[in-house]
Amino acid sequence: MRSEYRGSRAGHIDADYIDSKNCVVCHAGHYDSWSRTYHSRMTQDAKPETIQGDFDNRIFEYQGITARMERRDRVFQMTFTFPDGRVESSRIARTVGSRRMEQYVTEQNGQYLRLPVAYDLVNRRWMNLNGSFFHADGKDYFGLRTPWDPNCVFCHNVKAQPNYNFDTKKFQTDVAELGIACGACHGPAATHADRAASPFTRALWRLSDQSARDIVNPTKLSPERSLMVCGHCHGQRVPQPIDRIREILGRGDPYNAGDDLAANFKPVSRETKVGDYSFANRFWSNGSPRLTAYEYQGILRSACFVRGEGPNRITCLSCHSMHDGDPKGQITAENRTNKACLSCHKQYEAQANLIKHTGHSAGSDGSLCYNCHMPRVVYGVMSVHPTHEITIPDPAVTVSGLVPNACNQCHLDKSVNWAIDQSKRLWPARFVQTSPSQDPQFNVAEGPRSLLAGDALTRALAAEALAGVGPGRPDPSWASAWLVEALRDDYPIVRFFAANGLAPMWTTMSKPDYLNPADCLSASDRCRLKLDRLLTERMANDAPMLRAKRPNVDIEVGE
Amino acid sequence: MTGKIDGNDTPKIVDRIAKQGWVSLALWMSVGLLLESLMAYKAPSYLNDLQRRELFRLAHAHGSALALLLVLVAIWIRTVEVKISGLTVFALRFGAGLLPIGFLTAGIWHPEGDPGIAIWLVPVSALALIFGIISLSISKRSS
């Protein structure tokens, strides 16, 4: 007979949570599908079976500091040698992330710290975290060595309890389970598991509704509560009221899946301030999120949520599926088509209506709903993502608030004013009041304009788009000329996308280290010699004017 | 059905038990062949569903074993010449027939983590079988 789960952790706020291994007894299929997701491996104890980074005595040099990554039997270690000869070693205790980047956490006197060197799983190389966040060159090497206990722990594990002692100023962190496991979305399951031990109870459950089962199923919740389950982590938030931070750090996260998130937290917005700290830079000027982990805010601002009613009100699960499809994005193949949108907007099932609505030919990227209504204007973990604020494309937002518009995400070689003219032609009723801008920068092709005149995040998005990663596939010889220019940027993350977009160049010369500005400058000079002379002259003409418009804004991502 | 079986009816009853045994044996061995084919051709609907695999195997194993049991019962009744009641015969034939069918149908459709509703045939059939075997074991010789 199965053991009793209830009360096994009495006195803790996760008293009724159970380890996901206990769920496999009945839910083997769901356990398997969850095991394939990146959620399941979000936080792991450091072991040879879990670590993906190359610890085979590798060296990574940056800002004069040498990091050596070594493995001794089952122990992984990072050793930093400073220019003055000082040596500092950190044993890897845990890893965070398993898809794009593997970050490392070390333990010092019971306190967990994120190390500043991480492994780029896509490009298979070591990097300093300064290369993934938005800071200009020169950011302190250890600037992103931040405590794990009051930060990462909340969203990368189940039921975080930092147990901060305000007298000793020490954390004694505990979690119900490392990683984003069953409890994160289904809540405490001890009662459910205890009752499920009886075959008669299970037989009765088959005949009754969800509420009888003592477990949360996000697909059965109201759209608002279902969104909150995901929004708990995919919607950066502050305690509500703010001074509850003492309770949360002292005892733990009060939220359980299925609860009213708003009773405990408030999603941050462009207007949110904590003391003097403002979150404004994490949002575009119109309030739309521009970083990942703000998807909840995006959906809450979308007409599909605001105006949707009953089963037609959008939730995360309208498109995403936690137990089906590709673990990358957790979307089924059919939901990568227009299917999810057409379930409500049925009028566009007819191809003629779709063509008339989009102004693009059927089957083209321009006829995929999300390319226009969810443009790729969000940055997170060294990649660019579709926004989750579902909007009507409007090129004028670039003029009014320097917000990237959907049209020029593909039409990179066309200006914003061109996009405004086309919008007036294709959708005259909607754009009757819109006029082209008199500012000459908006007569320049938007790819190069945003690459040179935008703030760091806009420039990074432009570099990625010019590299042809998104739906816009610009002429490579034209785009390369501008990407070569972007190698001269003073933000490593912009150079990262530019260097990746110039892959054909690196067949005849070495790929520069994007973290090293001198290396990138030298590579840019060498690449310029290979460019079309007319293009180089054009750049020399436009670049100073565009750079003069550039705002320099540091953005701290997600901390 | 429930009364004592007349001595003249015994050969008929024995034949029926033996016939059900041999037919069941042929049927459940064929099911075994089918299961091997599903494995040989890597049928995902069988191989990827552990619950279904378990239930189908149980159906095959119990079906074959209980078919042999019926044959043995028929031989034993004829050899030892015991007096058995109609209820005993019914319990044995009902239990041996429905128990593997319960496993099989519970595996064809089932919710995650549990067998299908037809699994309830298994305990009912098992009780009938146990009753049949006990009453057979305490049956008196006809002479």
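Since this is a predicted model, take the numbers as computed values, not measurements. Just so it is clear: chains get the letters A, B, ... in the order the sequence lines come, proteins before strands, and each one is counted from 1.
When the shell of 6.0 Å around CD of Glu49(A) is examined, it contains more than 12 heavy atoms from other residues, nucleotides or ligands. Residue-environment remark: CH2 (Trp76(B)) exceeds the threshold of 12 foreign heavy atoms within 6.0 Å.
Taking 4.5 Å as the heavy-atom cut-off, the residues of residues 99-117 of chain B that approach chain A are Pro111(B), Glu112(B), Gly113(B), Asp114(B), ordered by number.
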